[in-house]
Amino acid sequence: QVQLKESGGGSVQAGGSLTMSCVASGSTNTNKCMGWFRQAPGKERERVALTYAVGKSMYSADYADSVKGRFIVSRDNAKHTVYLQLRSLKPEDGATYYCAADGGYGSSGECFRGTFRDFGYWGQGTQVTVSS
């Protein structure tokens with residue numbers, strides 16, 4: 001089992017920035033694929049950005065088209081932590097953001113193709129509100 005705990009999030013005006021982090025504890029060998037999803041009211045949970053650990057300190061990353069160039073995902077494998085920098089925020093970025101992890105992927109390609117149904121571990125979610 002792995003536990004995921006998010007921190008960060010909050011309320012900002014459009015154009016502002018936020019940073020969130022997510023720490024994995026427990027069986028951290030299950031967090032090779034780790035990243036962020038979000039869910040707005042009435043909408044399906046969608047992928048925001050994912051990372052795939054490569055070796056002890058490297059990782060690859062992938063982004064949803066809607067956040068490319070504005071959000072930056074990173075991870076510290078030694079600390080079992082993934083970060084998300086949200087920049088140039090838009091009102092449509094407002095949602096509950098969830099950290100997700102799963103160790104069942106054998107490649108970054110498999111990880112980055114995963115939908116929310118494919119991930120076994122989730123954080124409790126943190127709210128992001130963007131006012132216009």
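Note that the coordinates shown come from a computational prediction; the quantities given were computed from them, not determined experimentally.
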Those residues at least two apart in sequence (or on a different chain) that pass side chain to side chain contact (heavy atoms under 4.5 Å, CB included) with Ser66 are Arg38, Ala64

Determine whether Val48 and Val23 fall in the same hydrophobic cluster, where Ile, Leu, Val, Met, Phe, Trp and Tyr are linked whenever their side-chain heavy atoms lie under 4.5 Å apart. no

Do Glu6 and Tyr97 come close enough that some side-chain heavy atom pair is under 4.5 Å? no

Contacts satisfying side chain to side chain donor-acceptor pair (under 3.5 Å) that involve residues 112-121 (not counting sequence neighbours) are Glu44-Arg117, Thr115-Asp118

Smallest heavy-atom separation, Ala61 atom then Val73 atom, equals CB-CG1, 3.7 Å

Gln13 meets the side-chain hydrogen bond (donor to acceptor under 3.5 Å, both in side chains) criterion, sequence neighbours left out, with none

Backbone N/O of Gly8 and side chain of Thr126: donor-acceptor pair under 3.5 Å: yes

Separation between CE (Met34) and OG1 (Thr81), nearest 0.5 Å, reads 6.5 Å

| Are the side chains of His80 and Val2 in touch, meaning some heavy atoms are under 4.5 Å apart? | no

For Ala24 and Leu4, the nearest pair of non-hydrogen atoms, with its separation, is CB-CD2, 3.6 Å

Hits for side chain to side chain contact (heavy atoms under 4.5 Å, CB included) against Gln127, two or more places apart or cross-chain, chain-then-number order -> Thr96, Thr129

Residues passing the side chain to side chain contact (heavy atoms under 4.5 Å, CB included) test with Arg87, sequence neighbours excluded, are Ser17, Ile72

d(Trp36 CH2, Tyr83 OH) to nearest 0.5 Å is 10.5 Å

Problem set entry | Heavy-atom side-chain contact between Ser108 and Tyr59 under 4.5 Å | no

Here the disulfide (SG to SG under 2.5 Å) pairs for residues 54-105, sequence neighbours left out, are Cys22-Cys99

Residues at least two apart in sequence or cross-chain that pass side-chain hydrogen bond (donor to acceptor under 3.5 Å, both in side chains) with Ser21, listed by chain then number, are Ser7

Taken to the nearest 0.5 Å, the spacing of Asn77 CG from Asn31 CG works out to 8.0 Å

Those residues at least two apart in sequence (or on a different chain) that pass side chain to side chain contact (heavy atoms under 4.5 Å, CB included) with Lys56 are none

Sequence neighbours excluded, the answer for salt bridge (Lys or Arg N to Asp or Glu O under 4.0 Å) partners of Arg45 is none

Cluster membership besides Phe112, Ile/Leu/Val/Met/Phe/Trp/Tyr side chains within less than 4.5 angstrom, sorted by chain and number, is Phe37, Leu50, Tyr52, Val54, Met58, Tyr98, Tyr105, Phe116, Phe119, Trp122

The salt bridge (Lys or Arg N to Asp or Glu O under 4.0 Å) partners of Lys43 (sequence neighbours excluded) come to none

Value for SG (Cys33) from CD (Glu110), rounded to nearest 0.5 Å, stands at 9.5 Å

Applying salt bridge (Lys or Arg N to Asp or Glu O under 4.0 Å) to Arg70 and not counting sequence neighbours gives Asp93

